[in-house]
**Student:** 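Mind looking over this structure? Questions follow.
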Amino acid sequence: MIRQQLTKVASGFTSLSNSPPELHKAYLLKFLDSYAYFSFSLVFTLFLSDDFGMSDIQAGTIYGAWGALITIFGLFTGTVIDNLGVAKCLRIGFVLSFMSRVVILTCTSREVLLACLLITLPFSNCLGIPVLTVGIRRYTNEENRGFAFGLFYVVMNVGALVAGPLVDVLTVYYNEKADGDNEIIADAATASSSWTMTSNRAIILSGVVANFIAVIVAFTVREIKVDSADSAKQSPKPMKPSTSSLLSSADDSENNPGSTFSKFRPLQGSSYEILSDTWKSPNFRRYLVLCLLTINVRMVFRHMDATLPKYMIREFGENTPKGRVYTINPAIIIVLVPIIQAATTAVDPLLMIHRGTYISALSVFFLAISTSLPSCVLFVTMLSIGEAIWSPRLYDYTMSVAQEGREGTYMALSSAPLFLAKLPVGFLSGYLLEEYCPEHLEEGEVRRSRTMWLIIGLSTIFSPVMITLLWGYISGGGEKNDGTSANNGERLADAGEESTEDDLSEHSYQHKPLISNISLPRVRQKERPLV
């Protein structure tokens with residue numbers, strides 16, 4: 001069994017061997033962007049409090065606003081991505097991100113800092129995940145796209161895994177360099193008016209270096225796309241691209257009928273036209289419902305950042321291994337995602353999302369049952385297994401329903417739940433900790449941490465339950481190809497009798513395999529022979 005899965009993983013990597021260099025560049029850019037993002041996120045509130053004298057409430061509010069603004073800017077830049085294309089957006093995004101991080105590193109003014117944190121940096125961040133995800137679609141075909149998206153998700157978690165230890169190393173190094181003075185600067189005016197290389201700034205500097213390398217790589221990316229398998233079959237003499245052809249210009253490959261990739265011209269239009277056409281699509285409306293329903297389960301990951309560390313310190317002491325427990329998540333993702341994606345490439349992505357969200361949501365109840373370190377380990381482990389099943393396939397599902405040339409609009413909305421969850425979780429986390437797991441206890445008072453996690457668990461399980469209840473609509477089983485409503489009998493008949501590819505139009509992704517899996521099987525009577 002293990003050998004079979006390893007063979008599938010090896011086959012997945014082999015399927016990407018003839019991909020254009022842009023695919024490898026997209027993975028490198030994803031790693032660099034992920035490291036810069038996660039390393040900065042780990043010290044975000046500490047940087048604001050220690051280096052600029054902000055209170056915990058101020059720092060937390062700004063952290064939530066940063067995430068929310070990434071979402072807001074992303075909604076508006078989706079049409080920009082569709083108009084400009086992948087290559088131009090990557091250059092603009094990484095250059096702007098680099099400039100923002102340099103200013104954040106060197107500034108001492110709160111006003112300048114807030115301008116970068118709430119305007120330029122979130123604007124550049126919203127050109128990261130959506131654009132690179134669109135790039136993965138352009139640089140792959142239908143046969144290897146599922147594995148490519150799984151590997152894309154692994155690369156993101158490698159960046160997170162590297163960020164954690166490096167943050168600890170830099171923190172310890174600069175704390176020791178302070179000649180044993182472990183006191184935090186108490187004078188906020190001095191902290192914000194004088195510049196000094198602190199551990200937080202050193203961590204930000206490492207992100208600046210990663211961002212600089214990303215800028216160089218971004219300027220080598222071409223605006224191309226891989227031709228589909230059907231297009232390749234129509235070519236008179238299809239052949240694999242040689243090394244020289246991969247390194248040649250996209251214009252040359254476009255003029256070569258045997259090339260497996262060609263220049264891509266963005267499908268341009270005004271923002272109103274793009275949004276109007278997108279909203280008219282039944283696929284988009286189903287997709288939007290799915291994105292909204294996943295908000296609650298995505299909030300668990302923000303609780304893992306904002307709630308779990310303080311909970312562990314208050315329940316188990318200052319020396320609790322919160323960092324090692326946290327690294328369980330990216331470690332499991334790195335190992336499991338390639339295996340799961342290789343083994344389930346033929347499984348519909350929407351079905352994987354449905355099943356995986358249940359696993360992630362149920363993980364919280366380990367902490368509602370027991371207040372112990374093993375429960376924390378089980379929580380993060382089960383959460384990560386569920387994430388490995390469903391989260392990468394959300395990218396795959398998005399690209400499968402998005403019209404070519406309109407992926408930016410879809411991906412901007414796909415990223416929205418991840419960052420939109422930050423703002424409410426910040427307030428909810430603070431309230432729940434203060435109410436059920438306070439730092440200081442009065443005489444006779446006890447912590448009610450299990451109640452806190454029960455509340456979080458009940459709010460999280462809402463996501464998969466609602467996906468189940470709305471499955472007929474989300475999977476497209478409730479609408480015919482012309483957008484009209486179909487009754488249950490017609491839906492079952494369609495699932496059982498009209499499963500050929502010709503029955504599905506380009507703009508009607510019906511997820512027929514899912515209907516047959518979820519619906520009860522229909523007993524079909526044998527036809528009597530004609531006499």
Side-chain angles (χ1 to χ4, degrees), residues 26 28-45 47-48 59 61-82 84 86 88-105 107 112-136 152-153 155-157 159-160 163 203-204 206-215 217-218 221 291 298 301-302 305 391 395 398 407-423 425-426:
L28 177 57
L29 288 172
K30 183 61 177 176
F31 169 77
L32 295 170
D33 184 56
S34 296
Y35 171 78
Y37 173 82
F38 285 110
S39 61
F40 185 53
S41 296
L42 286 172
V43 299
F44 191 103
T45 55
F47 175 61
L48 296 182
T61 301
I62 294 172
Y63 175 77
W66 172 51
L69 285 169
I70 293 176
T71 299
I72 295 172
F73 287 141
L75 296 176
F76 291 101
T77 57
T79 57
V80 175
I81 295 171
D82 291 335
L84 296 181
V86 172
K88 289 182 180 179
C89 286
L90 287 177
R91 293 164 191 168
I92 294 172
F94 282 111
V95 168
L96 186 59
S97 176
F98 174 72
M99 295 172 60
S100 300
R101 294 182 190 279
V102 169
V103 174
I104 291 172
L105 172 67
C107 76
V112 174
L113 176 70
L114 291 177
C116 289
L117 292 179
L118 302 181
I119 300 176
T120 57
L121 187 61
F123 182 79
S124 64
N125 289 152
C126 74
L127 294 177
I129 293 177
V131 177
L132 287 172
T133 308
V134 173
I136 296 297
F152 181 70
Y153 201 73
V155 171
M156 180 186 74
N157 282 275
I203 293 165
I204 295 173
S206 69
V208 170
V209 173
N211 209 150
F212 177 73
I213 299 173
V215 169
V217 176
V221 175
C291 288
R298 284 175 177 254
F301 298 97
R302 305 281 66 82
D305 296 336
S391 196
Y395 295 133
T398 304
E407 301 95 340
T409 302
Y410 278 73
M411 282 309 305
L413 293 170
S414 177
S415 300
L418 176 63
F419 297 105
L420 192 61
K422 284 185 176 180
L423 192 58
V425 166

**Student:** Relative to the ring of Phe98, is the ring of Phe212 parallel (under 30°), tilted (30 to 60°) or perpendicular (over 60°)?
**Tutor:** tilted
**Student:** Is a side-chain N or O of Ser97 found less than 3.5 angstrom from the main chain of Gly93, in a donor-acceptor match?
**Tutor:** no
**Student:** Taking all non-hydrogen atoms of both residues, which atom of Ile204 and which atom of Arg101 are closest, and how far apart?
**Tutor:** CG2-O, 4.2 Å
**Student:** Going by ring-ring contact (aromatic ring centres under 6.0 Å, His included), Trp66 matches just one of Phe73, Tyr37, Phe123. Which one?
**Tutor:** Tyr37
**Student:** Check whether any side-chain heavy atom of Thr120 lies under 4.5 Å from a side-chain heavy atom of Val103, and answer yes or no.
**Tutor:** no
**Student:** Check Cys89 against Leu84 and note the closest heavy-atom contact, atom names and distance.
**Tutor:** SG-CB, 3.9 Å
**Student:** How far apart are the closest heavy atoms of Leu118 and Leu69, and which atoms are they?
**Tutor:** O-CD1, 3.1 Å
**Student:** Under the 3.5 angstrom rule, does the side chain of Arg91 hit a backbone N or O of Val221 as a donor-acceptor pair?
**Tutor:** yes
**Student:** Considering all heavy atoms of both residues, which atom of Gly207 and which atom of Tyr35 are nearest to each other, and what is their separation?
**Tutor:** N-CE2, 4.1 Å
**Student:** Test your reading of the model: is there a side-chain donor-acceptor pair from Ser124 to the backbone of Leu121, 3.5 Å cut-off?
**Tutor:** yes
**Student:** How many angstroms lie between CZ in Phe47 and CD1 in Ile104, if you round to the nearest 0.5 Å?
**Tutor:** 7.0 Å
**Student:** If you round to the nearest 0.5 Å, how far is CD1 of Ile203 from CG of Leu105?
**Tutor:** 12.0 Å
**Student:** Rounded at 0.5 Å granularity, tell me how far CD1 in Ile213 sits from CG in Leu29.
**Tutor:** 11.0 Å
**Student:** Quick one, Asn211 and Phe94 - any side-chain contact, counting heavy atoms below 4.5 Å?
**Tutor:** yes
**Student:** With the side chain counted from C-beta on, respond yes when Val217 and Leu90 share a heavy-atom pair under 4.5 Å apart, and no when they do not.
**Tutor:** no
**Student:** Closest approach of Ser100 and Cys116, non-hydrogen atoms and distance?
**Tutor:** O-SG, 4.2 Å
